[in-house]
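So the structure is just underneath, and the comments pick up after that.
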Amino acid sequence: MSQFSKIPTTVVTGFLGAGKTTLIRHLLAHAEGRRIALIVNEFGDVGVDGELLAACGAEGCGCDDIIELANGCLCCTVADEFLPAMEKLLTRPLPPQHIVIETSGLALPKPLVKAFDWPDIRSKVTVDGVVAVVDGPAWAAGRFASTPEQMARPDHDNPLEEVFGDQLACADMVLLNKVDLLDPGQLEGVERNLRAKLRPGVKLVATRQGAIDARILLGLGSAAEDDLDGRPTFHDTVLDHHHDDFESFAVALPTIADPELLTRRLGTIIAAHDILRLKGFLAIAGKEMRHVIQAVGARVAGYYDRPWHKNETRAGQLVVIGRRGLDRDAIATAIRSGLDG
């Protein structure tokens, strides 16, 4: 099979809450008839992003088009997770025209790209491009950077900076997302500092809510599996299990009366416990629609996405992700405190 007849695959990477799922929802809504299949990988054993994509209502968002892999990073479970998922897609009677892989926000993209060099995969699929999504406001706030004082310490360790740096180092295109939340001066500085960290030739595109023309995102033709040496990353020389620095757990919630009250309180809880990411669904009393909660840092937002299914249990569940050592009991108690159904 020639390079041109291989199925192109786009790997979408980016740290927790950068907007990867929103980008893919936009891509599916503007796919212009392309048969796109998705592999969605989440950190933790509860999948939220796959559910959000399946509920987007656009052609290509159906459950049959999405393979969801939870409770692990694809970069660490290639043989157990990735290869069987790809085989499932490639043996379809009508294979997809394009595959999109949304990695966990804590995943390293380079080990995943290496997996495309496996003989059974290499002959049929190529990495069209690695796309890294960057949370503009988080970058501007210095979320991923270490101070000079921290870097001078012999025991210095910043897994956020390392994962984020590896995601940028492997990218063919970087989407600077949420630029509508930056003022012009901030945007100029963020773009300048970000460009300095990219490999030569890597495209930087500013986006709002992940909106970008599919013709720009797809068809990069990078064949990244043939260019691994040109994508040096931190974890090429440092042997560690980066995902061991982070943890995830779920908090079950009853039907609640006031989602806005919970939304306001979550910002305080996130700050108190240094939670990196919080996302999930709520059941609201008297509402037939499911309520989605999304939080990145102190920014918390909620919206109704779809009606509850007839046989679906109407209950809330929030996924909490942070650095290893989260006080799970205290966080769960704080989230549930004061809820009235």
Side-chain angles (χ1 to χ4, degrees), residues 1-14 20 24 27 34-43 47 49-50 64-132 162-163 165-173 199 202 217-244:
M1 185 178 286
S2 72
Q3 179 75 26
F4 298 101
S5 59
K6 294 180 181 180
I7 298 175
T9 298
T10 298
V11 176
V12 178
T13 186
K20 298 183 297 295
I24 294 173
L27 175 63
R34 294 182 183 86
R35 292 193 311 277
I36 297 177
L38 306 175
I39 297 178
V40 181
N41 182 220
E42 295 206 56
F43 183 80
D49 295 344
D64 292 341
D65 300 298
I66 300 172
I67 296 177
E68 188 170 14
L69 306 174
N71 201 23
C73 286
L74 275 179
C75 62
C76 308
T77 59
V78 168
D80 295 333
E81 300 278 359
F82 172 67
L83 297 178
M86 291 294 288
E87 184 69 18
K88 183 177 180 181
L89 293 178
L90 297 175
T91 56
R92 282 181 171 186
L94 189 62
Q97 294 172 313
H98 203 107
I99 298 171
V100 175
I101 301 176
E102 178 188 349
T103 70
S104 155
L106 300 174
L108 307 177
K110 188 169 180 177
L112 177 58
V113 174
K114 285 182 179 179
F116 283 80
D117 207 28
W118 286 46
D120 289 347
I121 300 297
R122 185 179 183 84
S123 63
K124 302 172 184 175
V125 187
T126 181
V127 181
D128 180 64
V130 178
V131 177
E162 293 165 8
V163 171
D166 275 21
Q167 291 172 347
L168 288 183
C170 195
D172 297 291
M173 175 179 287
R199 294 181 298 118
V202 174
L217 195 71
L218 307 182
L220 297 178
S222 74
E225 69 273 19
D226 295 332
D227 183 36
L228 290 170
D229 290 342
R231 301 162 191 258
T233 66
F234 175 83
H235 290 90
D236 290 342
T237 54
V238 177
L239 181 63
D240 75 347
H241 299 284
H242 72 282
H243 56 281
D244 291 341

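Contact detail for P93 and P95: the closest heavy-atom pair is O-CD, 3.6 Å. When all heavy atoms are compared, the tightest approach of A37 to R92 is CB-NH1, 4.4 Å.
D172 is linked by a side-chain hydrogen bond (donor to acceptor under 3.5 Å, both in side chains) to S222, R231, counting only residues two or more places apart in sequence or in another chain. Considering only residues two or more places apart in sequence or on other chains, D120 meets the side-chain hydrogen bond (donor to acceptor under 3.5 Å, both in side chains) condition with none of them. Every residue two or more places apart in sequence or in another chain that forms a side-chain hydrogen bond (donor to acceptor under 3.5 Å, both in side chains) with T10 is listed here: H98. R35 meets the salt bridge (charged side-chain N to carboxylate O under 4.0 Å, His left out) test with no other residue; sequence neighbours excluded. Under the rule for a side-chain hydrogen bond (donor to acceptor under 3.5 Å, both in side chains), R34 has no partner lying at least two apart in sequence or in another chain.
With rounding to the nearest 0.5 Å, the separation of OG1 in T9 from CD1 in I39 is 7.5 Å. In this structure, CG in L27 is found 4.5 Å from CD1 in I36, a value given to the nearest 0.5 Å. Atom CG of residue L89 and atom CE of residue M86 lie 6.5 Å apart, to the nearest 0.5 angstrom. Atom CD of E87 is separated from atom CD1 of I121 by 7.0 Å, given to the nearest 0.5 angstrom. In this structure, NZ in K124 is found 6.0 Å from CG in L90, a value given to the nearest 0.5 Å.
Residues T126 and D226 fail the side-chain proximity criterion, which asks for heavy atoms closer than 4.5 Å. Side chains of C170 and T13 form no contact here, defined as non-hydrogen atoms less than 4.5 Å apart. In this structure, the side chains of V130 and K110 stay at 4.5 Å or more apart for every pair of heavy atoms. Within the 4.5 Å cutoff, the side chain of L108 has no heavy atoms near those of the T233 side chain.
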Check against side chain to side chain contact (heavy atoms under 4.5 Å, CB included), K114 and L228: CA-CA 7 Å; K114 285 182 179 179; L228 290 170; 3.6 Å; yes
Worked check of side chain to side chain contact (heavy atoms under 4.5 Å, CB included) between R199 and D227: CA-CA 12 Å; R199 294 181 298 118; D227 183 36; 3.9 Å; yes
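No side-chain donor-acceptor contact under 3.5 Å links E225 to the backbone of W118.
A salt bridge does not link D128 with K6: none of the charged nitrogens is closer than 4.0 Å to a carboxylate oxygen.
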